[in-house]
2 protein chains.
Amino acid sequence: MTKSGAEVAKLPLNEIVRGDCIDVMNALPEASVDLIFADPPYNLQLGGTLHRPDNSRVDAVDDDWDQFASFEAYDSFTKAWLAAARRILKPNGAIWVIGSYHNIFRVGAALQDEGFWILNDVVWRKTNPMPNFKGKRMTNAHETMIWAGRDRSAKPTFNYDALKALNEGTQMRSDWTLPICSGHERLKTEEGGKAHPTQKPQSLLHRVLVGSTNPGDVVLDPFFGTGTTGAVAKMLGRDFIGIERDEGYIKVAKKRLSMIRSYEKAALEVTTSKRAEPRVPFGQLVERGLLRPGETLVNPKGEVAKIRADGTLATKTLKGSIHQVGAALDGAPSCNGWTYWSFVRDGQRVVIDSLRQQIRSEMS
Amino acid sequence: MTKSGAEVAKLPLNEIVRGDCIDVMNALPEASVDLIFADPPYNLQLGGTLHRPDNSRVDAVDDDWDQFASFEAYDSFTKAWLAAARRILKPNGAIWVIGSYHNIFRVGAALQDEGFWILNDVVWRKTNPMPNFKGKRMTNAHETMIWAGRDRSAKPTFNYDALKALNEGTQMRSDWTLPICSGHERLKTEEGGKAHPTQKPQSLLHRVLVGSTNPGDVVLDPFFGTGTTGAVAKMLGRDFIGIERDEGYIKVAKKRLSMIRSYEKAALEVTTSKRAEPRVPFGQLVERGLLRPGETLVNPKGEVAKIRADGTLATKTLKGSIHQVGAALDGAPSCNGWTYWSFVRDGQRVVIDSLRQQIRSEMS
DNA sequence: TTGTACTATGAATCCGTCC
DNA sequence: CGGACGGATTCATAGTACA
């Protein structure tokens, strides 16, 4: 995982590399990237030109890069770039891939076949999708993203509490309701058309990057396009690497990135989990005299245990840590002794966790 | 497409056939079924027992029928039943398959490989999914359904206007918001437990069958379970064929189906679902760039707080949601942050609730 | 009868660190 | 690397009990 200075120096951080993404990724040092976000070609096989009821032409995806002769051709392309992507990921790295029903099932199966481990599939619900003009299908109102770890044993970054905060205090769900990229955010050519047919909204990338990276992480996008991944990464204080074949897209992306400024550092600090707080052994409360050996603790049912000099508890029949004795009394598989036990001061029960908080605040 | 009387007579209409679905389907006449709805095993790969934070145990899906040795084993099973299913479909027949990220990508790829032609993928958004108790992933709040024609040239039934009517007059989208099957609808064993671990809600099948069959059509379900497909088909005046291996499930399904007749009309009326209220998390204003991380908000007293990337606020001493920080600053038990905080534009204070209104109007 | 408080439960790939 | 152990972790509904 640790790279030599020479190797790290090779990473083209915050640059766009022109070329085929498989070749470029193969030239990068292995295990050097924290996260990959990929929006690969969709393999759309559209019959002819599509018209709206008013006969205006729908500007569909018909670019060369989106054409594949067969599922087999698409599969071998997919496996090749996924294998190249996997090599450059750090051991705890992860990947996001976005697609529609035309390609996402093949991508998902290939991810699993290549050894990635799916963590969640996330549905992007579009608030304002393009309607189905012919009335022959349902409105295609969503796209699917797959979030997967490098392998089954990887422990990718997951900022659970930050996502929970983004969702106003309730756990983030696997369906995200966000508008498509339009208006001022949508990049235009000099002629006024779309600069890229499938430009993703920044809000989508914001949620992806806040949820699965930390400031300073390296985020690579092998199908950079007009650089939404790089733009949001830069705003959020992450480093990016963009790979793109098309010089026209690169030109637009470079201009876009030059105008982005990063948010201030303090704003990038995000709600953290309790697990990250320093561990306080219960025995320390005894050592520091906040609780005395021989003193009695009470559980919610009114059962009591005595504190011993080594920071363990004892009832008539049980001995062990605050967690072990609590679990045994409740017949539960586990117990958080900190919130389970109380001591008595002035006739009032006080949860022992308040003493831990006191120690933690003194530590900081 | 037209079958002889002898062959049609062989169809076990409105019956449950006990046996392996591949064998049973292979014994049916070809091109005899209008629609197949399949809820195959998901191949969940669960670890040890899971407990809720209150230490109650989660009743997991650990049945034998959901166990496969490998992806390869699952794939060959999938291809075999899909091939058998395709043979018995009429030329304009279609199939629905439901799954989760554990299996749906493999199913979707297999569908395409076997010659089916995907028409839509539909996301079932659960209003009340089981949360992620350990805080390690996002809530798995949806399942995916694939709707596919027998082949590229098939013209399956699609009742566009009926679905539009079900959706309050606007075109049906590819995401359906429906509650999981619980309460009285959930079938129980005599001991009071779940009769089947994965019973689907009738509302889901109602929408599927209204949208893609006509009265009198033949609907086959190769993984019949406790017979939701048959129950809804019967209510809607479609013929069904159920295939199921487990005698216990068959027994429950038969009893269920025998009672459908008398409740037919009432049951039809309860299948409409309510739509979820649009809740707008404050974090979405940040994700969507309406407010920037690092930007300052002001309360009525002129006190300020800075916005962070995860949609929380921070003052010199406080961190939390717009509501929490507002309440703390006022020493109040609660606070509506939406009307409490303002941002500054062109020297004018603007309440952040105006941004929420803007988002709500876009959503409706 | 009505309102409130409490309990039960759902297709789940659900811990991290130190010894 | 296996085992021990500290201790963190949940949302929407439906049903039930009781005032």
Side-chain angles (χ1 to χ4, degrees), chain A residues 112 116-121 148-149 152-153 155 158 160-161 164 167 169-174 273-283 311-312 320-327 332-341 352-353 356, chain B residues 39-63 65-68 71 98-104 124-144 177 179-186 188 192-194 196-201 223 225 274 276-277 279:
Chain A
Q112 293 177 312
F116 289 95
W117 190 250
I118 298 179
L119 302 168
N120 271 123
D121 63 332
R152 187 169 184 171
S153 61
K155 300 288 176 196
F158 181 53
Y160 174 82
D161 295 280
K164 192 172 174 178
N167 198 33
T170 49
Q171 193 170 84
M172 183 61 77
R173 295 169 46 113
S174 60
S273 76
K274 279 194 189 171
R275 283 182 241 257
E277 291 180 41
R279 203 172 76 81
V280 177
F282 176 71
T312 58
S321 71
I322 53 172
H323 316 294
Q324 289 168 332
V325 174
S334 68
C335 169
N336 183 347
W338 290 107
T339 54
Y340 181 79
W341 294 105
I352 60 174
D353 200 36
R356 182 170 63 159
Chain B
D39 183 10
Y42 286 10
N43 189 24
L44 300 183
Q45 295 167 39
L46 306 179
T49 54
L50 177 66
H51 291 91
R52 298 185 181 82
D54 66 1
N55 277 325
S56 61
R57 199 174 64 81
V58 174
D59 187 11
V61 179
D62 53 2
D63 306 70
W65 49 255
D66 200 44
Q67 306 299 321
F68 292 83
F71 283 135
I98 183 168
S100 66
Y101 69 84
H102 310 85
N103 71 323
I104 198 65
W124 169 29
R125 296 180 67 219
K126 303 178 184 182
T127 56
N128 49 348
M130 187 164 74
N132 184 288
F133 296 116
K134 302 290 188 190
K136 291 291 146 186
R137 308 269 176 95
M138 285 166 267
T139 307
N140 220 322
H142 74 278
E143 295 189 25
T144 300
T177 304
I180 61 173
C181 180
S182 64
H184 294 304
E185 189 187 328
R186 188 88 194 202
K188 302 284 196 285
K194 289 181 271 190
H196 193 283
T198 70
Q199 187 183 341
K200 296 292 176 287
F223 307 97
K274 49 197 167 196
E277 290 288 329
R279 190 173 60 92

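Below, chains carry the letters A, B, ... as their sequence lines are ordered, and counting in each starts from 1.
- One interatomic measurement links the two molecules: CE of B:M130 to P of D:dA12, which rounds to 15 Å at whole-angstrom precision.
- The side chain of A:K274 lies closest to D:dA8, out of D:dC5, D:dT10, D:dA8.
- When DNA chain C is scanned 5' to 3' for any atom under 4.0 Å from a heavy atom of chain A, the first and last hits are C:dT13 to C:dG16.
- A residue-by-residue look at A:K155 and B:N43 shows that B:N43 has its nearest nucleotide of DNA chain C further toward the 5' end.
- For the OP1/OP2 pair of D:dG7 and a distance below 4.0 Å, the side-chain nitrogens and oxygens of A:H323 include at least one atom meeting the criterion.
- For C:dT13, the glycosidic angle deviates from 0 by 90° or less, giving a syn base.
- Among the heavy atoms of the strands lying under 4.0 Å from B:K200 is at least one base atom, whether or not backbone atoms are also near.
- Within 3.5 Å, a donor on the side chain of A:S334 pairs with an acceptor on the base of D:dA8, or the reverse.
- Put simply, the side chain of B:Y42 reaches to within 4.5 Å of the side chain of B:I98, judged on heavy atoms.
- Taking a pair as Watson-Crick or G-U wobble with both distances under 3.5 Å, the runs of three or more consecutive pairs in DNA chain D are C:2-10 with D:11-19, C:15-19 with D:2-6.
- With sequence neighbours excluded, the residues that form a side-chain contact (heavy atoms from CB on, under 4.5 Å) with A:D161 are A:T271, A:S273.
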Using distance only, find each side-chain donor-acceptor pair of residues 53-61 of chain B under 3.5 Å and give its atom names and separation, not counting sequence neighbours.
| from | atom 1 | to | atom 2 | distance (Å) |
| --- | --- | --- | --- | --- |
| B:D54 | OD1 | B:S56 | N | 3.0 |
| B:D54 | OD1 | B:S56 | OG | 2.7 |
| B:N55 | ND2 | A:S334 | O | 3.0 |
| B:S56 | OG | B:R52 | NH1 | 3.1 |

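- Comparing A:Y160 and A:I322 by the nucleotide of DNA chain D whose heavy atom lies nearest to each, the residue mapping closer to the 5' end is A:I322.
- Side chains of B:H102 and B:S100: a donor on one and an acceptor on the other come within 3.5 Å.
- Under the rule for a side-chain contact (heavy atoms from CB on, under 4.5 Å), the partners of B:H196 that lie at least two apart in sequence or sit in another chain are B:W65, B:T198, B:T226, B:Y249.
- Taking side-chain N and O atoms only, A:S321 has a distance below 4.0 Å to OP1 or OP2 of D:dG6.
- Each of B:G135 and B:K194 was matched to the nucleotide of DNA chain C holding its nearest heavy atom; the match closer to the 5' end belongs to B:K194.
- Taking the P atom of each, D:dA8 and C:dG10 are spaced 28 Å apart, rounded to whole Å.
- Under the salt bridge (charged side-chain N to carboxylate O under 4.0 Å, His left out) criterion, B:K134 pairs with no residue at all, not counting sequence neighbours.
- Distance noted for atom C1' between C:dT13 and D:dA12: 23 Å (whole Å).
- C:dA11 and D:dG6 are spaced 35 Å apart, taking the P atom of each and rounding to whole Å.
- Of the N and O atoms on the side chains of A:R173 and B:T139, not one donor lies less than 3.5 Å from an acceptor on the other residue.
- Taking only side-chain nitrogens and oxygens, B:K136 never comes nearer than 4.0 Å to OP1 or OP2 of D:dA8.
- Comparing the C1' positions of C:dT7 and D:dT10 gives a spacing of 15 Å, expressed to the nearest Å.
- The residue among A:N336 and B:H184 whose nearest nucleotide of DNA chain D lies closer to the 5′ end is A:N336.
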